[in-house]
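Presented below is the structure to which this report refers.
Any value given below was found using the heavy atoms of this structure, including those in side chains, with hydrogens, waters and symmetry copies removed. First the proteins, then the strands, lettered A, B, ... as listed; each starts at 1.
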There are 2 protein chains.
Amino acid sequence: MTRGDLFSPACPTRRLLDRIGSKWTSMAVKVLAEAAPGEVRFADLRRRIPGISQKMLSVTLQSLVHDGLVARRVEPAVPVRVHYRLTELGLSLEVPLAALREWAEAHMAEIDEASAGR
Amino acid sequence: MTRGDLFSPACPTRRLLDRIGSKWTSMAVKVLAEAAPGEVRFADLRRRIPGISQKMLSVTLQSLVHDGLVARRVEPAVPVRVHYRLTELGLSLEVPLAALREWAEAHMAEIDEASAGR
DNA sequence: TTCACCAGGTAACCAATGGTAACCGCAGAG
DNA sequence: CTCTGCGGTTACCATTGGTTACCTGGTGAA
């Protein structure tokens, strides 16, 4: 359907997953949630998310800020410091997300087993 | 990293989201969960997931079966009928997923508002 | 006979995602 | 005077994900 597609206004879940399901978002949210209600600086986030590049961290945070899940605070210090923290909305998302995380930690081994099995 | 990349063995959440976060998986799981513990046939799924193509439903179901979240049963009838249902693992995933769905239904409007705002 | 249905498979294409590398200005350390 | 760290941005590429379109092969309906 290349056309207008008025469908799929439905399922907000998919739209949510489109936002938080991208490669690095869940890890960023996790790190920010662990630090909540404190803030984390850009470079700290980078260190705590192994393998992420500056660009990807940047765009990931931008989208989270854009969606109102993360707040960005610029400290006008000498080399400018930028602090990130979860908003209230972000913190509320943390609840179901933590449940999903627990499930993942408990059951991903079974998925791996099934995937490897055949 | 086109190379081996030994990093990111961590965060099972991201690996989970890599699997269930793709465009159609969440909707397929939802439909199967609504029908659980009953089964749903291919064409029924196709009708209940507006906009999905045959191919995408096919590959989506394949990956779910591959990951052990969905079971596939072939009924050797005249034009062969294929039935899908959530496995126990899939059903257990439904719990945190339902929580995420509830969050999405309750709060996506706020995200939309924030996104539209700027 | 021709059509549509069933459950897919295949091929080709296109857009979006993700990744690498380089660059920016500014500061303090050496 | 050069190097590093800070918080990005930009340009460029490769890979992936998703899409349309067409194929199969057997069946019952028109």
Heavy-atom check, side chain of Ile111(A) versus side chain of Met108(A), under 4.5 Å: yes
Value in whole Å for how far the C1' atom of dG25(C) lies from CZ of Arg81(A): 17 Å
5' precedence on DNA chain D between Val82(A) and Ser53(B) (nearest-nucleotide basis): Val82(A)
Atom-pair distance (CZ on Phe42(A); C1' on dG7(D)), nearest Å: 6 Å
Single-linkage hydrophobic cluster Leu32(A)~Val59(A), side-chain heavy atoms < 4.5 angstrom: yes
Phosphate OP1/OP2 of dG9(C): any Ser58(B) side-chain N/O under 4.0 Å: yes
Of the listed nucleotides dG19(C), dA7(C), dG8(D), the one nearest the side chain of Trp24(A): dG19(C)
Distance in angstrom units between Leu17(A) CG and dG17(D) P, rounded: 15 Å
Euclidean distance, Met27(B) CE relative to Arg48(B) CZ, rounded to 0.5 Å: 12.5 Å
Phosphate OP1/OP2 of dA7(C): any Arg41(B) side-chain N/O under 4.0 Å: yes
Sugar-phosphate only, base, or nothing, as touched by Arg47(B) at under 4.0 Å among non-hydrogen atoms: sugar-phosphate
Out of dG18(D), dG18(C), dA7(C), whichever nucleotide has its closest atom nearest the side chain of Lys23(B): dG18(D)
Worked check of side chain to side chain contact (heavy atoms under 4.5 Å, CB included) between Glu94(B) and Arg101(B): CA-CA 10 Å; Glu94(B) 238 303 285; Arg101(B) 229 177 262 135; 2.8 Å; yes
Tyr84(B) OH to dA7(C) P, straight-line distance once rounded to whole Å: 8 Å
Leu57(B) CG - dC5(C) P separation (whole Å): 16 Å
Minimum side-chain heavy-atom gap Leu17(B)-Leu100(A) below 4.5 Å: yes
Salt-bridge criterion met for Asp18(B) and Arg15(B) (N-O under 4.0 Å): no
Sugar-phosphate, base or nothing in reach of Arg46(A), heavy atoms under 4.0 Å: nothing
Residue pairs fulfilling ring-ring contact (aromatic ring centres under 6.0 Å, His included) with at least one residue in residues 75-104 of chain B, sequence neighbours excluded: Trp103(B)-His107(B)
For nucleotides 23-30 of chain D, tabulate all protein N/O to nucleotide N/O atom pairs closer than 3.5 Å, reporting atom names and distance.
none

Presence of Arg73(A) side-chain N/O under 4.0 Å of dG7(D) phosphate oxygens OP1/OP2: no
Side-chain N,O (Lys55(B)) to OP1/OP2 (dA21(D)) below 4.0 Å: no
Touch class at under 4.0 angstrom, heavy-atom based, for Gln62(B) against every strand present: sugar-phosphate
Spacing of Asp44(A) atom CG relative to dG5(D) atom C1', expressed in whole Å: 12 Å
For atom CD of Glu75(B) and atom C1' of dA7(C), their distance in whole Å: 13 Å
Interatomic distance, Ile52(A) CD1 vs dA21(C) P [rounded to whole Å]: 16 Å
From Met56(A) atom CE to Leu61(A) atom CG, the distance as rounded to the nearest 0.5 Å: 10.5 Å
N or O in side chain of Arg19(B) less than 4.0 angstrom from dG17(D) OP1/OP2: no
